[in-house]
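Taking it in order: structure first as structure tokens, then the write-up.
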Amino acid sequence: MDQLALKLFHLDHCRGIGRKTIRAFLRLDPQLESVSHFTAGDLSELGMSRRRSELFLHDFHRFAADQMLRHYAERQIVPIAFHQPDYPPLLGKIYDPPLILYVRGHKEWLSDVKMISVVGTRRPSAAAGPAMRRILLPLVESGWIIVSGMATGIDGMAHRLAAAGGRTIAVLGSGLFHPYPAGHVGLFNRLCDDHLVISEYPPQTRPERWRFPERNRIISGLSRGTVVVEAKAKSGSLITADQALEQGREVFALPGSILNENSVGTNRLIQQGAKLILGSQDILDELAPFPRETG
């Protein structure tokens, strides 16, 4: 880990600051060479309150980065900073990309841009399984990596379909020491061992409701396109679709009956311009020609 990555790792474990403040540090000092000399006065000039400054300085001067890195290495967790070669190329192009990713599994997959995200309701209909097999299995067989959020419902189904014969990446809304939901711990362990799990949050971070919409920008940002399988009128999946559009990525939606509440969100996406899909070729046609470079 180079010195800039080590400093970012250090800052990421301090209370009182977040990505916005760390980006302000980087604008002032791109290599963060002066961060260890910051005083409460310096932080006040950056707009930090006294309480936040006290929390930050307390943690900064007590955090043992080398010891924590060894602890993570024992758990096969690798931090990757935004400027390092292993950082995902497509993710680095979005607005507000994570400054550090914590990854476990096949981290070399992050350099592959042949990724597509799959999201949807936590309570899928009986038709969702057959539809997903029709859409996803040809993509998996042709080498596409399936990205999702490891939630119950569509997310879990997408991971399991891809894991059976291909590659899949789970993006958590919590740290890697606290996978969520609890019912997917078995899936989490399988993905850690044979696939890839990532989070922008330090591994000790517990799941909180507000983190899940925030992580959705990573799900869409890793991928060339996002597939919404089923979604109600108000769904977190629609947040991911909106973020994909803001990132300049493709959005695909599976149509459904107007009598099915799980189709209200996807039908509305199609009405608003998302690509209607009936099979995997509809996705491949939209994404072709595929770029040869992966870095």
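A heavy-atom distance below 4.5 Å is not found between the side chains of Arg190 and His159. When side chains are defined from C-beta on, Met132 does not count as touching Val227, because their heavy atoms never get closer than 4.5 Å. Inter-residue side-chain proximity for Leu57 and Leu43 is flagged as met; some heavy-atom pair is nearer than 4.5 Å. The closest side-chain heavy-atom distance from Phe188 to Leu176 is below 4.5 Å. Residues Ser223 and Glu250 form no side-chain contact, since every pair of their non-hydrogen atoms from C-beta on lies 4.5 Å or further apart. Under the 4.5 Å side-chain criterion, counting only non-hydrogen atoms from C-beta, Leu6 is in contact with Leu69. At a threshold of 4.5 Å between non-hydrogen side-chain atoms, the residues Ile135 and Phe252 do not count as touching. The side-chain heavy atoms of Asp112 and Arg167, taken from C-beta on, include a pair separated by under 4.5 Å.
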Item to complete: Step by step, work out the side-chain contact (heavy atoms from CB on, under 4.5 Å) result for Arg249 and Lys93.
Response: CA-CA 11 Å; Arg249 311 293 166 82; Lys93 296 177 180 180; 4.2 Å; yes

Practice prompt. For Tyr201 and Glu214, run side-chain hydrogen bond (donor to acceptor under 3.5 Å, both in side chains): C-alpha distance rounded to whole Å, both residues' side-chain angles, the deciding distance at 0.1 Å, then the answer.
Written response: CA-CA 11 Å; Tyr201 306 113; Glu214 185 177 61; 2.4 Å; yes

Discussion item. Using the rule given for side-chain contact (heavy atoms from CB on, under 4.5 Å), can you reason through Ile283 versus Trp144, listing the C-alpha separation, both sets of side-chain angles and the distance that settles it, and then say yes or no?
Written reply: CA-CA 11 Å; Ile283 297 171; Trp144 285 81; over 6 Å; no

Practice prompt. Test side-chain contact (heavy atoms from CB on, under 4.5 Å) on Leu101 and Lys107 and set out the steps.
Written response: CA-CA 10 Å; Leu101 293 173; Lys107 69 182 181 67; over 6 Å; no

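Within 6.0 Å of the CZ atom in Arg268, the count of heavy atoms belonging to other residues, nucleotides or ligands does not exceed 12. Atom CZ of Arg19 is surrounded by more than 12 heavy atoms from other residues, nucleotides or ligands within 6.0 Å.
Residues Tyr72 and Leu191 share a hydrophobic cluster, clusters being chains of Ile/Leu/Val/Met/Phe/Trp/Tyr side chains in contact below 4.5 Å. Tracing side-chain contacts under 4.5 Å through hydrophobic residues (I, L, V, M, F, W, Y), one never reaches Leu276 starting from Leu238; they form parts of separate clusters.
Here the side chain of Asp282 pairs a donor or acceptor atom with the backbone of Gly279 at under 3.5 angstrom. A donor-acceptor pair is defined here as one N or O able to donate and one able to accept, closer than 3.5 Å; such a pair exists between the side chain of Thr168 and the backbone of Ile146. Put simply, the side chain of Ser199 never gets that close to the backbone of Tyr102: no donor and acceptor are under 3.5 Å apart. Ser117 contributes a side-chain N or O that, together with a main-chain N or O of Ile219, makes up a donor-acceptor pair within less than 3.5 Å. Checked by atom type and distance alone, the side chain of Arg215 pairs as donor or acceptor with a backbone atom of Gly149 at under 3.5 Å. Arg62 contributes a side-chain N or O that, together with a main-chain N or O of His58, makes up a donor-acceptor pair within less than 3.5 Å. In this structure, the side chain of Gln247 engages the main chain of Gly221 through a donor-acceptor pair within 3.5 Å. Side-chain atoms of Asp42 come within 3.5 Å of backbone atoms of Thr39 as a donor-acceptor pair (strictly under, hydrogens ignored). A side-chain donor-acceptor contact under 3.5 Å links Thr266 to the backbone of Leu254. Of the possible polar contacts, one joining the His10 side chain to the Phe60 backbone as a donor-acceptor pair under 3.5 Å is found.
If you check the side chains of Asn262 and Ser125, you find no donor sitting under 3.5 Å from an acceptor. Residues Thr21 and Arg52 have side chains that bring a donor and an acceptor to within less than 3.5 angstrom of each other.
You'll find the ring centres of Phe38 and Phe56 outside the 6.0 Å limit. For Phe212 and Tyr180, the gap between ring centers is short of 6.0 Å. In this structure, His13 has its ring center under 6.0 Å from that of Phe9. Checked against the 6.0 Å centroid threshold, His71 and Phe177 count as a close aromatic pair.
Residues meeting the side-chain contact (heavy atoms from CB on, under 4.5 Å) test with Arg70, sequence neighbours left out: Asp66, Gln67.
The two residues Ser53 and Ala40 make their nearest non-hydrogen contact at OG-O, 4.4 Å. When all heavy atoms are compared, the tightest approach of His61 to Ser36 is CE1-O, 3.8 Å. When every heavy atom of Pro130 is checked against every heavy atom of Ala126, the shortest pair comes out as CD-O, 3.4 Å. Across all non-hydrogen atoms, the minimal contact from Ala244 to Thr226 is CB-OG1, 3.8 Å.
With rounding to the nearest 0.5 angstrom, the CD atom of Glu261 is 4.0 Å from the NZ atom of Lys232. From Ile145, atom CD1 reaches atom CG of Leu222 across 9.5 Å, with rounding to the nearest 0.5 Å.
Sorted by first and then second residue, the side chain to side chain donor-acceptor pair (under 3.5 Å) pairs with a member in residues 149-158 read Ser148-Asp155; sequence neighbours excluded.
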